[in-house]
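Start at 1 with the first residue, then count along the sequence.
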Amino acid sequence: QVQLVESGGGVVQAGDSLRLSCAASGRTIFMNTMGWFRQAPGKDREFVADISWSGGTNYVASVKGRFTISRDNAKNTVYLQMNSLKPEDTAVYYCYALLTPSGRSTSTYWGQGTQVTVSS
């Protein structure tokens, strides 16, 4: 139905910046909220940020002021601009999208992840 492909991860030093992208394809017309989770080695998956179709955003407290989520609806793409990166931001970042087709319940789709490594 919907495929999500993340890109933009890499290895950087503390204080550097990265921009993650997540491009959606397939049946995206009913796509509502898009966002990002992350999972560090040995830790649980953690919510990072999300953005509604109209642009409303939410962030986990630990990234507020450093990360900015945005989307380009024409390109079916969500972005995560990550500034002032810290070693604790090291994780695999997963894009997700919530779809609510008319008359149907919401479905969640996930990308396969992109690795972000921040050295100290």
Side-chain angles (χ1 to χ4, degrees):
Q1 295 284 334
V2 174
Q3 296 79 45
L4 303 175
V5 179
E6 303 100 332
S7 62
V11 180
V12 299
Q13 294 183 336
D16 287 349
S17 298
L18 283 173
R19 189 181 74 161
L20 306 183
S21 299
C22 175
S25 61
R27 198 171 182 86
T28 60
I29 191 171
F30 304 110
M31 192 163 59
N32 305 121
T33 298
M34 300 184 72
W36 298 87
F37 274 70
R38 66 186 180 185
Q39 187 165 24
K43 296 185 178 180
D44 293 334
R45 187 180 62 178
E46 176 189 35
F47 169 80
V48 178
D50 65 20
I51 183 168
S52 69
W53 181 89
S54 59
T57 60
N58 295 287
Y59 299 91
V60 67
S62 60
V63 309
K64 289 181 179 178
R66 299 189 298 119
F67 291 9
T68 302
I69 190 170
S70 61
R71 66 190 294 169
D72 185 336
N73 291 334
K75 296 181 178 180
N76 295 315
T77 300
V78 64
Y79 305 94
L80 186 67
Q81 178 67 44
M82 305 185 295
N83 298 327
S84 302
L85 283 163
K86 303 176 180 179
E88 50 263 44
D89 296 317
T90 295
V92 177
Y93 284 71
Y94 297 94
C95 173
Y96 71 93
L98 305 181
L99 276 72
T100 309
S102 180
R104 297 181 60 190
S105 60
T106 298
S107 298
T108 304
Y109 294 87
W110 293 90
Q112 295 191 8
T114 184
Q115 184 175 339
V116 173
T117 301
V118 184
S119 65
S120 59

J.: I need the full list of side-chain hydrogen bond (donor to acceptor under 3.5 Å, both in side chains) pairs touching residues 40-51, with sequence neighbours left out, sorted by first then second residue.
T.: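 Listed by first then second residue: R38-E46, D50-N58.
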
J.: For residues 60-71, which residue pairs qualify under salt bridge (charged side-chain N to carboxylate O under 4.0 Å, His left out), counting only residues two or more places apart or in two chains?
T.: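 Of all non-adjacent pairs touching residues 60-71, those that pass salt bridge (charged side-chain N to carboxylate O under 4.0 Å, His left out) are R66-D89.
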
J.: For T57, what residues pass the side-chain contact (heavy atoms from CB on, under 4.5 Å) criterion, not counting sequence neighbours?
T.: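 With sequence neighbours excluded, T57 shows a side-chain contact (heavy atoms from CB on, under 4.5 Å) to I51, Y59, I69, given in chain and number order.
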
J.: Only counting residues at least two apart or in another chain, list the ones meeting side chain to side chain donor-acceptor pair (under 3.5 Å) with T100.
T.: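 T100 satisfies side chain to side chain donor-acceptor pair (under 3.5 Å) with N32, T106 once adjacent residues are dropped.
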
J.: State which residues pass side-chain contact (heavy atoms from CB on, under 4.5 Å) with S107; sequence neighbours excluded, sorted by chain then number.
T.: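 Partners of S107 by the side-chain contact (heavy atoms from CB on, under 4.5 Å) criterion, ordered by chain and then number, come out as Y109.
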
J.: Taking disulfide bond (SG atoms under 2.5 Å apart) as the cut-off, I'd like each qualifying pair that reaches into residues 54-87, sequence neighbours left out, listed once.
T.: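 Sorted result for residues 54-87: empty, none.
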
J.: If you look only at pairs with a residue in residues 6-31, which of them pass as a salt bridge (charged side-chain N to carboxylate O under 4.0 Å, His left out), with sequence neighbours excluded?
T.: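 Of all non-adjacent pairs touching residues 6-31, none passes salt bridge (charged side-chain N to carboxylate O under 4.0 Å, His left out).
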
J.: Q81: what forms a side chain to side chain donor-acceptor pair (under 3.5 Å) with it, not counting sequence neighbours?
T.: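 Scan of Q81 (side chain to side chain donor-acceptor pair (under 3.5 Å), adjacent residues dropped) gives N83.
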
J.: For residues 17-105, which residue pairs qualify under disulfide bond (SG atoms under 2.5 Å apart), counting only residues two or more places apart or in two chains?
T.: C22-C95

J.: Could you tell me which residues satisfy side chain to side chain donor-acceptor pair (under 3.5 Å) with Q39, sequence neighbours excluded, listed by chain and number?
T.: none

J.: Partners of S105 by side chain to side chain donor-acceptor pair (under 3.5 Å), sequence neighbours excluded?
T.: none

J.: Using the ring-ring contact (aromatic ring centres under 6.0 Å, His included) rule, collect all pairs that involve residues 76-108, keeping only residues at least two apart or in two chains.
T.: F37-Y96, Y96-W110

